[in-house]
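Everything below concerns the one structure shown next.
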Amino acid sequence: MAQEAIGPPPEETLSLWKREQALLKARVVDQDTEAWQRDPAFAGLQRVGGVDVSFVKGDSVRACASLVVLSYPELEVLYEDSRLVHLTAPYLSGFLAFREAPFLADAVRRLREEAPSLAPQVLLVDGNGVLHPRGFGVACHLGVLTDLPCVGVAKKLLQVDGLEKDALHQDQIRLLRAGGDSFPLTGRSGAVLGRALRSHDGSSKPLYISVGHKMSLETAVRLTRSCCRFRVPEPVRQADIRSRDFIRRTLGAPPPAPGRERAQRPKARPTGGPGGPSGEDRAPAAHSPGPSTPAEAPAPGAQEQ
DNA sequence: GCGACAG
DNA sequence: ATCTTGTCGC
């Protein structure tokens, strides 16, 4: 009994969502609020969180929400919480938070009550912050829900407020020569909504950084840059890797076919402990990262994606 | 009708 | 987001 597919939300729901965004938007703080944010070396920053949600191919409901916490500046995984969730909202550009944020905020809440000492001091979010049609992307949304400083890290430019991926934009990208180089994303309204950042020497495709909450744009860019071993900042990258890995080993082959289906073939791999972890929702609300942390090296010619 | 469309 | 292997370069 696969969960029912999520259909397009009623026009009425969209109105409610827009109202909700407008309401929460008033709570966004777009300036640095923490001492470490002012420090040139981010002294005082010890834990950076990353979140992401991965999906099951032919399934519009099941997904894996992950929250990881990395040490700073080492960028080693200190904590991971990946679990299967049942989505209730469809993906709609401009309303991503209503689909993913609730589960991510839940993960933060759990961590805070189960291991407060491992709670992140800032969150890097896969998606936009104020670089959004109504100035309130998922990074802002999650920031307000958790009251944590948040950074919006998008891999694609959302063309809003006159921003375009035109020839001029492409030229500006070509001018980004080294990791750390960036240029402002100024809307026709004159407001700087974010910055395109070359996160790594070996990555020509920029990241689109914007303020989520409790942070200035300059700090958001500098922090993102300092968390990059590869194009995507390590916290988000680890959350992405782990959430999709969770799905891969939990739901190996999505849907066989409509008709019959036979018993599964027990792969030569134990499911885990005595309890029987292959259950529905709950999942290895893992703690320690285990000794299997890649510990890769900053390859000069690494481009990814 | 055309184009845009974070994840 | 997901569908996907090998391949070129250091």
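Each chain gets a letter, A, B and so on, in the order the sequences are listed, and its residues count up from 1.
Ring geometry for Phe98(A) versus His141(A): interplanar angle over 60°, hence perpendicular rather than tilted (30 to 60°).
The minimum heavy-atom distance linking Pro133(A) with Val160(A) is given by the pair CA-CG2, 3.3 Å.
Side-chain atoms of Arg225(A) come within 3.5 Å of backbone atoms of Ser199(A) as a donor-acceptor pair (strictly under, hydrogens ignored). Side chain of Ser66(A) to backbone of Ser82(A): no donor-acceptor contact under 3.5 angstrom is found. Of the possible donor and acceptor atoms, one in the side chain of Gln159(A) sits under 3.5 Å from a partner among the backbone N and O of Lys165(A).
Taking atom CZ of Arg248(A) as the reference point, atom P of dT2(C) lies 13 Å away to the nearest angstrom. The separation between Arg244(A) atom CZ and dT4(C) atom P is 13 Å, rounded to whole Å.
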Give me the distances for all protein-to-nucleotides 5-7 of chain B N/O pairs that come in under 3.5 Å?
residue : atom : partner   : partner atom : Å
dC5(B)  : OP1  : Gln159(A) : N            : 2.8
dA6(B)  : OP2  : Tyr91(A)  : OH           : 2.9
dA6(B)  : O4'  : Asn128(A) : ND2          : 3.3
dA6(B)  : N7   : Gly94(A)  : N            : 3.0
dA6(B)  : N6   : Gly94(A)  : O            : 3.3
dA6(B)  : N6   : Phe95(A)  : N            : 3.2
dA6(B)  : N6   : Leu96(A)  : N            : 3.2
dA6(B)  : N6   : His132(A) : NE2          : 3.4
dA6(B)  : N1   : Val138(A) : N            : 3.2
dA6(B)  : N3   : Asn128(A) : N            : 3.0
dA6(B)  : N3   : Asn128(A) : ND2          : 3.4
dG7(B)  : OP1  : Lys155(A) : N            : 2.8

